[in-house]
Amino acid sequence: MLKIGVIGLGDISKIHIPVIQSNPDAVLTAVCDLDESLAVAGAAFYTDYREMLATETLDCVHICLPHHLHYEATKACVEKGVHVFQEKPLALNAKEGGSLVELEKRYKDVKICICLQNRLNETVEKLQEIVESGEYGRVLGIKGLVAWFRPKAYYDIKPWRGRMDLAGGGVMINQALHTMDLMQLFGGELVKIKGSIDQLLDYGIEVEDTATANMQFTNGATGLLFATNANSVNSSVELQVILEKGKFTIKDSILTQSDDDGRKEIIIEDEKLPGTKFYYGASHAKLINLFYDCIKNDTDQYIHAKDAQTSMEMIQAIRDSSEDRKEIAMEVYQ
C-alpha cells in the first residue's frame, strides 16, 4: 500500500485527492496547508511540509502549490527519498526548471512526475498514433488556440497569479501551458520562436494576458500559437495538426479529420470528468494511477521533469522575443 501525502489544498488538490482515495493500492496518509480548515478526514494535518516529511513515512507526495513553491517543495521531498507527483508548471521559469531537471538526474532512484495530463487524453493519444504511423506523411504545421476568460477577481482572490515573482507569467504558464506542451510533442524539436506578449485587459497585474508566437521545428514544420484571457468566455482549446495527406483537429474534446471540402469525420472523443471544469479533462486520474504503477513496478513510463522543461523554454523564448523584438534560437536555452 502506497502512503501518499499532499502539499497544498487549493483548487487543484480537489482533483487529486478523490483519485488518491479511490486507488485501492494507495492511502492518503498526510496533508499540508496553511489553512487548517482544509484538513481532510483520515489524514494527518500539517502546516509545515518539512515537518510532515520528517514525521511521516511517505512513498509519494503530490505538490499542488503556487508556482514559486514547486522547486523547493519537490527538492525537499526528493532529498528525503520520496517520489513526487507535481502539478504543472515544472517551475517558476526555465532557469528554475533546469535546476529541477538536474535534481532529477542527481536522484536517480526517486521519480518525479509532472502533471501534463492532457498527453493522456484519448484524442491526443490517438492523434499521436496517427502522426507516428507515417500514414499521412510528415507534419507540416501545428496550430494552438486558447481563447479564455479570466475576470479581475481571478487575480484579486489569489494575488500571486498576477505577480511575476510568484506565478512566473500569466496566460502562457497558467492557461496555455498544456497546449504549448502538445504543440512541441507533435512538432518535435524546436529551432526558433518569434513571439509577442501583451496586456489587453486593464487589471493592474504584472503578467501577460495575451501571447502569440510563430515556431519553426527541425523537421521544417511551423507552429502558430494564440493564447488569451481576454475572451468573453472560456472557448474550447483548439489544436490542429496539418500533415502532408491529412488535417486533424482536436476541439471540444473531439478529434476530427477534415477533407478538402471541409467535411469532418469524428475519430474519437475524450472521456469527461463530471463535476469539474471542462478544461481539466479526465486524465489526471489516468496519469496519477499510471505513476503509482511506475512506483510499485519501478518503471519509468511517466512524464519526467526533463519532458516538461521544453514548454518552460518555449515560454521564456516568447517572453525574450517580445522584449527584444527578434526571433529567438532555442539552442540558447540548452
Side-chain angles (χ1 to χ4, degrees), residues 7-15 33-35 38 63-73 86-97 100 114-116 118 144-181 183 193-214 224-238 277-280 308 311-326 328 333:
I7 303 174
L9 299 175
D11 294 344
I12 199 63
S13 73
K14 306 303 188 291
I15 301 294
D33 198 277
L34 295 177
D35 185 349
L38 298 176
I63 294 176
C64 302
L65 294 165
H67 306 169
H68 70 290
L69 299 172
H70 284 189
Y71 174 73
E72 285 301 327
Q86 186 202 286
E87 260 298 337
K88 64 89 178 168
L90 174 63
L92 186 66
N93 50 45
K95 181 179 179 181
E96 192 173 82
L100 210 152
I114 306 303
C115 193
L116 293 170
N118 285 3
L145 302 180
V146 182
W148 283 6
F149 167 68
R150 288 296 180 270
K152 190 173 184 298
Y154 171 81
Y155 301 97
D156 292 342
I157 292 170
K158 296 186 177 181
W160 69 267
R161 291 169 169 163
R163 290 178 50 178
M164 279 298 298
D165 62 336
L166 301 182
V171 68
M172 289 191 291
I173 203 167
N174 254 327
Q175 285 76 43
L177 186 71
H178 289 296
T179 302
M180 296 172 72
D181 174 60
M183 290 180 74
I193 290 183
K194 186 172 184 181
S196 177
I197 61 173
D198 205 348
Q199 293 178 337
L200 301 184
L201 302 169
D202 189 19
Y203 285 171
I205 56 177
E206 297 174 356
V207 302
E208 83 286 346
D209 61 43
T210 301
T212 58
N214 176 263
L224 170 68
L225 171 73
F226 176 76
T228 186
N229 282 334
N231 196 19
S232 57
V233 295
N234 288 326
S235 294
S236 171
V237 171
E238 180 177 336
K277 299 173 182 177
F278 77 91
Y279 46 80
Y280 282 161
S311 55
M312 301 304 301
E313 292 171 354
M314 292 168 73
I315 290 171
Q316 190 62 54
I318 294 170
R319 191 172 300 283
D320 291 346
S321 176
S322 183
E323 182 176 344
D324 298 340
R325 301 185 66 80
K326 66 179 184 180
I328 300 293
Y333 304 111

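- Note that OH of Tyr154 is 4.0 Å distant from CG of Asn174, once rounded to the nearest 0.5 Å.
- Considering every non-hydrogen atom in both Ile193 and Ala213, the closest pair reads CG2-CB, 4.2 Å.
- Across every non-hydrogen atom of Asn93 and Glu96, the tightest pair is OD1-N, 2.8 Å.
- Residues Asp209 and Arg150 have side chains not in contact (no heavy-atom distance under 4.5 Å, counting atoms from C-beta outward).
- Rounding to the nearest 0.5 Å gives a distance of 7.5 Å between CG of Leu201 and CG of Asn229.
- The distance from atom CZ of Phe226 to atom OG1 of Thr212, rounded to the nearest 0.5 Å, is 7.5 Å.
- Nearest heavy-atom pair, Gly8 versus Ser13, reported as atom, atom and distance to 0.1 Å: O-CB, 3.4 Å.
- Distance check, rounded to the nearest 0.5 Å: CE of Met172 to OG of Ser311 gives 11.5 Å.
- Considering only heavy atoms from C-beta on, Ile315 comes within 4.5 Å of Leu177 through its side chain.
- His70 pairs by the ring pair (Phe, Tyr, Trp, His ring centres under 6.0 Å) definition with His67, not counting sequence neighbours.
- Between the side chain of Gln199 and the backbone N or O of Ile205, at least one donor-acceptor pair lies under 3.5 Å.
- Across every non-hydrogen atom of Met312 and Ile173, the tightest pair is CE-CD1, 3.9 Å.
- With hydrogens and angles ignored, the 3.5 Å screen pairs a side-chain donor or acceptor of Gln86 with a backbone N or O of Leu90.
- Trp148 is listed as a side-chain neighbour of Val237, based on a closest heavy-atom distance under 4.5 Å.
- Rounding to the nearest 0.5 angstrom, the gap separating the CD1 atom in Ile197 from the OG1 atom in Thr210 is 10.0 Å.
- To the nearest 0.5 angstrom, Met164 atom CE is 7.5 Å from Leu92 atom CG.
- Looking only at side-chain heavy atoms (C-beta outward), Ile328 and Tyr333 come within less than 4.5 Å of each other.
- Listed for the Asp33 side chain is a donor-acceptor partner under 3.5 Å among the backbone atoms of Asp35.
- Shortest non-hydrogen contact noted between Ala308 and Ile114 is CB-CG2, 3.8 Å.
- Open room surrounds NZ on Lys95; 12 or fewer heavy atoms of other groups in view lie less than 6.0 Å from it.
- Between the side chain of Ser321 and the main chain of Lys326, a donor-acceptor pair closer than 3.5 Å is present.
- Taking the side chain as every heavy atom from C-beta outward, Lys88 and Asp181 never approach each other to under 4.5 Å.
- Counting heavy atoms from C-beta outward, Arg319 and Glu208 have side chains that approach closer than 4.5 Å.
- Two residues are said to be in side-chain contact when any heavy atoms from C-beta on lie closer than 4.5 Å; Leu65 and Ile7 meet this criterion.
- Heavy-atom neighbours of Asp324 CG from other residues, nucleotides or ligands within 6.0 Å: above the threshold of 12.
- A donor-acceptor distance shorter than 3.5 angstrom exists from the side chain of Lys14 to the backbone of Leu9, with no hydrogens or angles considered.
- The heavy-atom pair separating Glu87 from Cys115 by the smallest distance is OE2-SG, 3.6 Å.
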